[in-house]
Amino acid sequence: MPVFKAPRGTRDILPEEACYWDWVTSVSKNLCRNYGYGRIETPMFEATGLFSRGVGEGTDIVEKEMYTFEDRGGSSLTLRPEGTAPVCRAYIEHGMASLPQPVRVYYLAPAFRYERPQAGRMRQHHQFGCEVIGDASALIDAEVISLAWQFFEKLGLRKLTLKLNSIGCDKCRPGYIETLKAYYEPRIEKLCDDCAVRMKKNPLRLLDCKESACQYMADNAPRSADCLCPECLEHFNSLKGYLDLAGLEYDVTHRLVRGLDYYTRTVFEIQPESTGSQSTIGGGGRYDRLIEQIGGRPTPAIGFAAGIERIILNLKDQNVCVPGTGSARILIAHTGEEARSEAFSVYSALQCSGIGAIIGAEGKSLKAQLRQANNLDMKMVVIIGPEEMEEEAVVVRDLETGTQKKIDRRLLADALSAFRINISG
RNA sequence: GUGAGUGUAGCCCAGUGGUCUAAGGCGCCAGGUUGUGGCCCUGGAGAUCGAGGGUUCAAAUCCCUCCACUCACCCCA
């Protein structure tokens, strides 16, 4: 018999960790409601071409990280490696261009990338993301960035920094890349092996090399923000103005570039102080060309995504208290066959009136049932045995004080309320 | 895809060739109170020692391969 394990890079979310997931999802939903974002969920897989065209042929995601397979009908499909391209596909497919613009949506969804797993890096991970489609203004950039920041604030995460940059548009970026190449060309001998490859393949990525020799060169390299065309410069400046108005602190990090090809103008990342080598818990940027690249009319847009597993790592790291997951706090114990049936009736009645409870295990001693109640952190035990059957009564025992009293069966629901049972706590 | 480290019950771990039919702690189950939890005492269940192969009279222990986890690189959430 083979022993089955969760596949590499995947993880079970167990009940003991569920409170963190509930916390992250409830914060994100409440926040999005306040910001006027509607929920969207796209399929877990899409036509492969959506990603190769949208994310970019040359990116690591497309080149070596996608879960691509052929279905029985011969179509090439890919497990969603990121959330933005599918949302744009849905925007086009459902004619959302004819809704009032911009369209604001958010999602909570798994993403799949075939990578070497590490702490904070899974083959299946979950993202909270939001996208605003159909508005090119810097005001919307500021909105998305402040939503992202608020999200982490409300979660209770501290010691985060917001990194911001502008990488220009189709008009000014080619010129910037030439400037960058011209800067690196005479220094090519000093570059590390990886950077020699980047020089040819994706010069922008030269900027975020971690080799110390390259770092120095990157620090002193020409900055994209200094090479922006007038429109991009204006956009970047007004964004910074809005962020100042919102009281958001940001570091303009000229070496911030991102690994997906579709970004234009604004890019940003939110980084925790440090959790291993995973330095980003959320990031995003503007992607004004993506929608036309996948077949829509030219439509500006901006988005943001955060990794839920990484958020949870940081919540634990920072000892953030999250609300407990609501759970039954009453156990109905019973001894004897007759009492068992009665216990089940009581149990059903409580459930019907919305009072959470669990029923004691059949065939276990009263002692065992009480021990179980204690181990499960129950607040209250209702005891029904032959004696109570005789008297049409039940015993209600408060496990915290150790006191109990016998009451008339019909008064049970009232009595439980009188004990101020907190069934959610 | 590259490099390094680790792998003994649900969890933490002892054990570095024979005394290991693998020890201890937490947790779980049960008894001590034949209708009462927590503390205490006692007992029990639970391990093909990550998997497969090899060396040896003898392997948890040495060697090889694979798998997984962790860390770093790469990249990203």
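- Judged as a ring-ring contact (aromatic ring centres under 6.0 Å, His included), and not counting sequence neighbours, the contacts of A:Y347 are A:F344.
- Residue A:Y114 qualifies as open at atom OH: its count of foreign heavy atoms under 6.0 Å is 12 or below.
- Other residues, nucleotides and ligands place more than 12 heavy atoms under 6.0 Å from the OH atom of A:Y183.
- At the heavy-atom level, A:R11 lies nowhere under 4.0 Å from the strands shown.
- Other residues, nucleotides and ligands contribute at most 12 non-hydrogen atoms within 6.0 Å of the NZ atom of A:K190.
- Residue A:M380 contributes atom CE, which lies 15 Å from atom C1' of B:U36 at whole-angstrom precision.
- OP1 or OP2 of B:C29 sits under 4.0 Å from a side-chain N or O of A:N375.
- Counting any heavy atom pair closer than 4.0 Å across all strands shown, A:G129 reaches no nucleic acid atom.
- The side-chain hydrogen bond (donor to acceptor under 3.5 Å, both in side chains) check on A:D261 picks up nothing, with sequence neighbours excluded.
- By the 4.0 Å N-to-carboxylate-O rule, A:R80 lies too far from A:E46 to be salt-bridged with it.
- Aromatic stacking is not marked for A:H126 over B:A77, as the cut-offs of 5.5 Å for the centres and 30° for the planes do not both hold.
- Near-neighbour residues of RNA chain B inside residues 358-370 of chain A, defined by a heavy atom below 4.0 Å, number-ordered: A:K364, A:L366, A:K367, A:A368, A:L370.
- Residue order along RNA chain B, read from the 5' end via each residue's closest nucleotide, puts A:Q372 first among A:V395 and A:Q372.
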Donor-acceptor pairs under 3.5 Å, side chain of residues 56-69 of chain A to any protein atom, not counting sequence neighbours: which ones?
| unit_1 | atom_1 | unit_2 | atom_2 | d |
| --- | --- | --- | --- | --- |
| A:T59 | OG1 | A:G56 | O | 2.7 |
| A:T59 | OG1 | A:V62 | N | 3.4 |
| A:T68 | OG1 | A:T78 | OG1 | 2.9 |

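- OP1 or OP2 of B:A72 lies within a sub-4.0 Å distance of a side-chain N or O belonging to A:Q118.
- In the set B:G37, B:C71, B:C74, B:G37 carries the atom at the smallest distance from any side-chain atom of A:R397.
- Remark: P of B:A77 and CG of A:L256 are 11 Å apart, rounded to the nearest angstrom.
- Residues from residues 335-347 of chain A with heavy atoms under 4.0 angstrom of RNA chain B: there are none.
- Nearest to the side-chain atoms of A:R371 among the listed nucleotides B:C71, B:A30, B:G1 stands B:A30.
- Separating the CG atom of A:L155 from the C1' atom of B:A77 is a distance of 14 Å, rounded to the nearest angstrom.
- Atom pair A:R198:CZ and B:C74:C1' shows a separation of 8 Å (rounding to whole Å applied).
- Distances were taken from every side-chain heavy atom of A:I383 (C-beta onward) to each of B:U36, B:C75, B:A77; the shortest belongs to B:U36.
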Could you list the protein-to-nucleotides 3-11 of chain B atom pairs, N/O on both sides, closer than 3.5 Å?
| unit_1 | atom_1 | unit_2 | atom_2 | d |
| --- | --- | --- | --- | --- |
| B:G3 | O6 | A:R116 | NH2 | 3.4 |

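- Base pairing of B:G5: its partner is B:C69, meeting the Watson-Crick or G-U wobble criterion (both donor-acceptor distances under 3.5 Å).
- Pair assignment for B:G10: B:C26, on the basis of Watson-Crick or G-U wobble contacts that are both within less than 3.5 Å.
- Qualifying ring-ring contact (aromatic ring centres under 6.0 Å, His included) partners for A:Y91, counting only residues two or more places apart in sequence or in other chains: none.
- Put simply, A:R8 has a side-chain N or O that comes within less than 4.0 Å of OP1 or OP2 on B:A68.
- Looking at which nucleotide of RNA chain B each of A:E387 and A:A6 is closest to, the 5′-most match is held by A:E387.
- In this view, A:F51 satisfies the ring-ring contact (aromatic ring centres under 6.0 Å, His included) rule with no residue, not counting sequence neighbours.
- Across all strands shown, nothing is found opposite B:C49 as a Watson-Crick or G-U wobble partner with both distances under 3.5 Å.
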Distance-only donor-acceptor pairs under 3.5 Å for side chains of residues 249-256 of chain A, two or more places apart:
| unit_1 | atom_1 | unit_2 | atom_2 | d |
| --- | --- | --- | --- | --- |
| A:Y250 | OH | A:D244 | OD1 | 3.2 |
| A:T253 | OG1 | A:D251 | O | 3.2 |
| A:H254 | NE2 | A:A218 | O | 3.2 |
| A:R255 | NE | A:L207 | O | 2.6 |
| A:R255 | NH1 | A:Q215 | OE1 | 3.2 |
| A:R255 | NH1 | A:D219 | OD1 | 2.9 |
| A:R255 | NH2 | A:L207 | O | 3.1 |
| A:R255 | NH2 | A:C209 | O | 3.3 |
| A:R255 | NH2 | A:Q215 | OE1 | 3.3 |

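- Applying the salt bridge (charged side-chain N to carboxylate O under 4.0 Å, His left out) test to residues at least two apart or on different chains, the pairs with a partner in residues 145-161 of chain A are A:K159-A:E273.
- Looking at the side chain of A:E388, the nearest of the listed nucleotides B:G35, B:U36, B:A77 is B:G35.
- At a cut-off of 3.5 angstrom, counting only N and O atoms as typed in the model, there is a donor on one side and an acceptor on the other between the side-chain of A:E115 and the base of B:A77.
- Within the 4.0 angstrom heavy-atom criterion, base atoms lie near A:M122.
- Under the side-chain hydrogen bond (donor to acceptor under 3.5 Å, both in side chains) criterion, A:E41 pairs with A:R39, sequence neighbours left out.
- When the nucleotides B:G35, B:A77, B:A68 are ranked by their closest atom to the side chain of A:A305, B:A77 comes out on top.
- Checking B:U55 for Watson-Crick or G-U wobble geometry (two distances, each under 3.5 Å) identifies no partner in any strand.
- A:Q404 comes within 4.0 angstrom of a base, heavy atoms only.
- Under the Watson-Crick or G-U wobble criterion, with both distances below 3.5 Å, B:C39 has no partner in any strand shown.
- Contact between the side-chain N/O atoms of A:R121 and the OP1/OP2 oxygens of B:C69 is not found at any separation under 4.0 Å.
- Whole-Å rounding puts the A:N374 CG to B:C39 C1' distance at 11 Å.
- Across all strands shown, B:G17 forms no Watson-Crick or G-U wobble pair with both key distances under 3.5 Å.
- Within a 6.0 Å radius of CD in A:E391, more than 12 heavy atoms belonging to other residues, nucleotides or ligands are found.
- Under the side-chain hydrogen bond (donor to acceptor under 3.5 Å, both in side chains) criterion, the residue pairs touching residues 121-133 of chain A are A:T84-A:E131, A:Y107-A:E131, A:H125-A:Q127, A:H126-A:E309, A:E131-A:Y287, with sequence neighbours excluded.
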